[in-house]
Undergrad: 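Okay, here's the structure, questions in a sec.
Computed from heavy atoms alone, side chains included, the values below leave out hydrogens, waters and symmetry copies. This chain uses plain numbering: 1 for the first residue, then up along the sequence.
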Amino acid sequence: MPDSLPDLAPWSIDLGRYRVFVPPDPFEDHVGPFYYVIDGDPREAGGVHCVLPTHDAHGNYAGRVHGGTTLAFADYALCLVAGRAVDGGANSSFAITVNLSCSFLEPVRIGPPLEARGEPLKVTGRLAFARGTLTQEGRTVALWSGVCRHVARDKAMVRKEETRPRTEAPPAQSVPADYELVATTSAYSRHLGPIYVRRDQAGASLLQPMCPTCAIPAAPCMAAT
């Protein structure tokens, strides 16, 4: 859990009852963190409640919550609802997104928390299906549905250890000379890290760092050549 929790008392949410997913997911912790609580039978509709406290780094050009933030939270909700439906809340299973659909219904404000609840639809030997809603201050702002593959936690952790990079630091990366830093991105895009663009007659190509330290914009691992 983070050292301190946002005060969501005005929205009747006590984050002291909630938890973050374990083991940590660096991307989720950087974008969020996202919180959840099992608030009933996780095999039934509404049994898992997810919360995202929104802040300025989630913003788009219009000063609302960026769609990428909303979609990342919908993906988190899908995996929590589907994964806990598989194991009944024991946290013995990891859910891996196979398909996700999200419909945006209303703009999302910065400040009030985003909330998600869902309904498990079906669990098979390998897949779990679920759907749900994202709400803000009682308004439904998005609908989501998707499919996850579920993997036993012990097997997933062994696989993670086997594929863990053996070098202490990721290899150095560089930006090709014909790419330029995009300086006018939204707050959310800057929060995720630097983006570079190359323009030509055919259009434009984008490049973004994809390595562990690039999750924090203050410590980018890419430098222009």
Side-chain angles (χ1 to χ4, degrees), residues 1-22 24-40 42 45-84 97 100-119 130-146 182-195 208 214-220:
M1 291 285 289
D3 294 335
S4 61
L5 298 174
D7 180 12
L8 301 184
W11 297 278
S12 302
I13 297 174
D14 176 13
L15 283 183
R17 297 178 50 239
Y18 291 67
R19 66 186 75 176
V20 295
F21 190 77
V22 177
D25 183 304
F27 178 79
E28 291 176 355
D29 292 345
H30 181 61
V31 173
F34 303 142
Y35 300 88
Y36 80 96
V37 68
I38 297 176
D39 198 18
V48 178
H49 185 219
C50 304
V51 175
L52 170 61
T54 62
H55 52 74
D56 288 343
H58 294 143
N60 60 16
Y61 289 114
R64 301 284 186 165
V65 171
H66 194 287
T69 304
T70 305
L71 190 59
F73 185 50
D75 180 69
Y76 177 85
L78 165 65
C79 290
L80 261 295
V81 172
R84 299 294 73 82
T97 304
L100 172 64
S101 175
C102 187
S103 298
F104 302 90
L105 305 182
E106 292 188 21
V108 181
R109 294 172 51 207
I110 295 174
L114 264 176
E115 302 179 57
R117 290 190 184 273
E119 175 188 9
R131 65 185 176 189
T133 61
L134 302 185
T135 62
Q136 187 178 56
E137 297 187 308
R139 296 178 299 109
T140 300
V141 296
L143 305 174
W144 58 264
S145 62
V182 179
T184 58
T185 54
S186 66
Y188 177 72
S189 296
R190 294 194 301 274
H191 185 57
L192 292 188
I195 299 174
Q208 186 170 26
C214 290
I216 307 300

Undergrad: Would you mind reporting whether Val51 and Leu114 have side-chain heavy atoms less than 4.5 Å apart?
TA: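 Heavy-atom side-chain distance check fails, nothing below 4.5 Å.
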Undergrad: SG/Cys79 to CD/Glu28 distance, rounded to the nearest 0.5 angstrom?
TA: 7.5 Å
Undergrad: Nearest 0.5 Å, what's the OG1-CD distance between Thr140 and Glu106?
TA: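 CD of Glu106 is found 8.0 Å from OG1 of Thr140.
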Undergrad: Please determine whether side chain to side chain donor-acceptor pair (under 3.5 Å) holds for the pair Asp75 and Thr97, giving the CA-CA distance in whole Å, both sets of side-chain angles, and the decisive distance to 0.1 Å.
TA: CA-CA 7 Å; Asp75 180 69; Thr97 304; 2.6 Å; yes
Undergrad: Do Asp39 and Arg17 have side-chain heavy atoms sitting under 4.5 Å apart?
TA: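 In contact.
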Undergrad: Under the criterion ring-ring contact (aromatic ring centres under 6.0 Å, His included), which of Tyr61, Tyr188, Phe73 is the partner of His66?
TA: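 Result: among Tyr61, Tyr188, Phe73, Tyr188 is the only option passing the ring-ring contact (aromatic ring centres under 6.0 Å, His included) with His66.
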Undergrad: Just by modelled atom types, is the Arg64 backbone N or O under 3.5 Å from a matching donor or acceptor in the Asn60 side chain?
TA: yes
Undergrad: Show, in sequence, the C-alpha distance, side-chain angles and deciding distance for Leu8 and Asp14, and conclude whether the side chain to side chain contact (heavy atoms under 4.5 Å, CB included) test is met.
TA: CA-CA 6 Å; Leu8 301 184; Asp14 176 13; over 6 Å; no
Undergrad: Measuring from Leu134:CG to Leu143:CG, what's the distance to the nearest 0.5 Å?
TA: 8.0 Å
Undergrad: Rounded to the nearest 0.5 Å, what separates atom CZ in Arg84 from atom CD1 in Ile38?
TA: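 Answer for the CZ-CD1 pair, Arg84 versus Ile38, is 6.5 Å.
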Undergrad: Restricting to non-hydrogen atoms, name the atom on Trp11 and the atom on Gly111 that form the minimum distance, rounded to 0.1 Å.
TA: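 For Trp11 and Gly111, the tightest heavy-atom pair comes out as CH2-O, 4.0 Å.
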Undergrad: Would a distance-only check, ignoring hydrogens and angles, find a side-chain to backbone donor-acceptor pair under 3.5 Å from Arg117 to Gly46?
TA: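 It does hold such a pair.
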Undergrad: Can you list the steps and then say if Gln208 with Ile195 is a side chain to side chain contact (heavy atoms under 4.5 Å, CB included)?
TA: CA-CA 5 Å; Gln208 186 170 26; Ile195 299 174; 3.9 Å; yes
Undergrad: Any side-chain heavy atom of Thr133 sitting closer than 4.5 Å to one from Glu115?
TA: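 With C-beta onward as the side chain, the pair stays apart.
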Undergrad: Looking at side-chain heavy atoms only, is the closest gap between Leu52 and Pro113 below 4.5 Å?
TA: no
Undergrad: Where do Val31 and His58 come nearest, in terms of heavy atoms and distance?
TA: O-NE2, 2.7 Å
Undergrad: Which heavy atom of Ala187 sits nearest a heavy atom of Asp56, and at what distance?
TA: CB-O, 3.5 Å
Undergrad: What heavy-atom pair brings Ala130 and Val81 nearest, and what distance separates the two atoms?
TA: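 Nearest pair, atom of Ala130 first, then Val81: CB-CG1, 3.9 Å.
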Undergrad: Could you walk me through whether Tyr18 and His49 satisfy the ring pair (Phe, Tyr, Trp, His ring centres under 6.0 Å) test, starting with their C-alpha distance in whole Å, then the side-chain angles of each, then the deciding distance to 0.1 Å, before giving a yes or no?
TA: CA-CA 9 Å; Tyr18 291 67; His49 185 219; 5.7 Å; yes
Undergrad: Indicate the ring-plane relationship of His55 and His191, choosing parallel, tilted or perpendicular according to the 30° and 60° boundaries.
TA: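 Rings of His55 and His191: perpendicular, over 60°.
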Undergrad: Looking at every heavy atom in both Pro42 and Val48, which two are closest together, and how far apart are they?
TA: CB-CG2, 4.1 Å
Undergrad: Drop me the distance from Leu71's CG to Phe104's CZ, to the nearest 0.5 angstrom.
TA: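 Rounded to the nearest 0.5 Å, the CG-CZ separation comes out at 5.0 Å.
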Undergrad: Ignoring hydrogens and geometry, is there a side-chain-to-backbone donor-acceptor pair from Thr135 to Gly138 under 3.5 Å?
TA: no
Undergrad: Can you see which heavy atom on Leu80 is nearest to which on Cys50, and at what distance?
TA: CB-SG, 4.1 Å
Undergrad: Kindly indicate, with the supporting measurements, whether the criterion side chain to side chain contact (heavy atoms under 4.5 Å, CB included) is fulfilled by Val141 and Thr70.
TA: CA-CA 9 Å; Val141 296; Thr70 305; 5.6 Å; no
Undergrad: Could you go through Leu5 and Tyr35, starting from their C-alpha distance and side-chain angles, then the distance that decides it, and tell me whether this counts as side chain to side chain contact (heavy atoms under 4.5 Å, CB included)?
TA: CA-CA 10 Å; Leu5 298 174; Tyr35 300 88; 3.7 Å; yes
Undergrad: Can any side-chain N or O of Gln136 pair as donor or acceptor with the backbone N or O of Pro112 at less than 3.5 Å?
TA: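 Yes, because the side chain of Gln136 sits within donor-acceptor range (under 3.5 Å) of the backbone of Pro112.
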